[in-house]
2 protein chains.
Amino acid sequence: MPKALTQGSRILDARDLYHALSDETRLRILCLLRQGERCVCELTDDLCCAQSRLSFHLRTLKNCGLVTDRSEGRWIYYKLNHDALRKALMFLREDLGADAESHAATERARRADNGNCR
Amino acid sequence: MPKALTQGSRILDARDLYHALSDETRLRILCLLRQGERCVCELTDDLCCAQSRLSFHLRTLKNCGLVTDRSEGRWIYYKLNHDALRKALMFLREDLGADAESHAATERARRADNGNCR
DNA sequence: AGGAAACATCAAGGAATCTTGATGCGTCAA
DNA sequence: TTGACGCATCAAGATTCCTTGATGTTTCCT
């Protein structure tokens, strides 16, 4: 499939991921979940955050795939979904040309196949 | 400086970056700028987007550092700022544990220094 | 069975964000 | 110097997003 056709939904997927990442509370949730699974009541304590508010943000994170949940008895455990994190990272790298190292080297390479906009 | 003290502003910086990335128009702008500097009228054409609207989004991108501008005569040229892109990428990698490769390996390593939340 | 804990969901209000059209300012060409 | 172009900015309305408090559901304990 030509790249142009897939670009649209790639952008929309990326937009949804970055939107989920664009809130302080949600970023704090993700930082906590990095340490492992957490149930909602633990997160509520750690974040000093009303339960319904937390629930709202967890749903936002779940909707775009950044977290998954699993229920066990009365508790619901949330954890990071690394596939979605990787998607967010890969869009930065592949679509926007972000690189972890100094920019100079990669840009030199890219300039070889210089593509003009139109 | 202890990591906890720097965490707050890291999160706020990341939030601002991801907010700028959370809009379809802005992502399209960034994709176009990846190919090199563009002036506003070129972007207006490429995106079929009202000029004032484009100007609004360019300001959003500029405010968080994702693009820089340079004026030349009547034109103002915008280009990507790779330092900001790298910041967005590094937060995903370092603070959230995103990795480009399969997750299994890194997580095995990380589990050694298992940190509990509290 | 009854009560409490853990969580989701809903409605309403408030805040932030986006879009649009109008206006203003600097620059260039005639 | 006048007019057109390129762009920013502003005000107003529309839309999306977030927060809060109330209520509902499920599960567990007694």
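Letters go in sequence order (proteins before strands), and every chain restarts at 1. If you're wondering where the values come from, they're calculated on a predicted model, not measured in any experiment.
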For this session: Answer with yes or no whether the hydrophobic clustering places B:Leu21 together with B:Phe56; edges join I, L, V, M, F, W, Y residues whose side-chain heavy atoms lie under 4.5 Å apart.
Result: no

For this session: Calculate, to the nearest 0.5 Å, the distance between atoms NZ and CG belonging to A:Lys87 and A:Asp16 respectively.
Result: 10.0 Å

Problem set entry | Nearest-angstrom distance from the residue atom CG of B:Leu61 to P of C:dC18 | 10 Å

For this session: Start with the C-alpha distance between A:Leu30 and B:Leu96, add both sets of side-chain angles, then the distance that settles side-chain contact (heavy atoms from CB on, under 4.5 Å), and finish with yes or no.
Result: CA-CA 7 Å; A:Leu30 294 175; B:Leu96 300 184; 3.7 Å; yes

Exercise. Does a side-chain N-to-carboxylate-O contact under 4.0 Å join B:Asp13 and B:Arg10?
Worked result: no

Exercise. Any ion pair linking B:Arg15 and A:Asp23 (charged N to carboxylate O, less than 4.0 Å)?
Worked result: no

Exercise. According to the interplanar angle, ranging from 0 to 90°, do the rings of A:Phe91 and A:Tyr18 count as parallel (below 30°), tilted (30 to 60°) or perpendicular (above 60°)?
Worked result: perpendicular

For this session: Using a cut-off of strictly less than 4.0 Å between a heavy atom of the residue and any atom of DNA chain D, enumerate the qualifying residues of residues 16-30 of chain B by number.
Result: none

Output one line per pair: protein atom, nucleotide atom from nucleotides 7-9 of chain C, and distance, for all N/O pairs under 3.5 Å.
residue, atom, partner, partner atom, Å
C:dC7, OP1, A:Val40, N, 3.1
C:dC7, OP1, A:Ile76, N, 3.1
C:dC7, OP2, A:Cys41, N, 2.5
C:dA8, OP1, A:Tyr78, OH, 2.5
C:dA8, OP2, A:Ser55, OG, 2.7
C:dA8, N7, A:Gln51, NE2, 2.8
C:dA8, N6, A:Gln51, OE1, 3.3

Problem set entry | Salt bridge B:Lys62-B:Asp69, side-chain N to carboxylate O under 4.0 Å | yes

Problem set entry | Length of the CG-P vector between A:Asp45 and C:dA5, whole Å | 13 Å

For this session: For the pair A:Arg70 and A:Glu72, find out whether any cationic side-chain nitrogen is under 4.0 Å from an anionic carboxylate oxygen.
Result: yes

Exercise. Nearest-Å distance, NE2 (B:His57) to P (D:dC7)?
Worked result: 17 Å

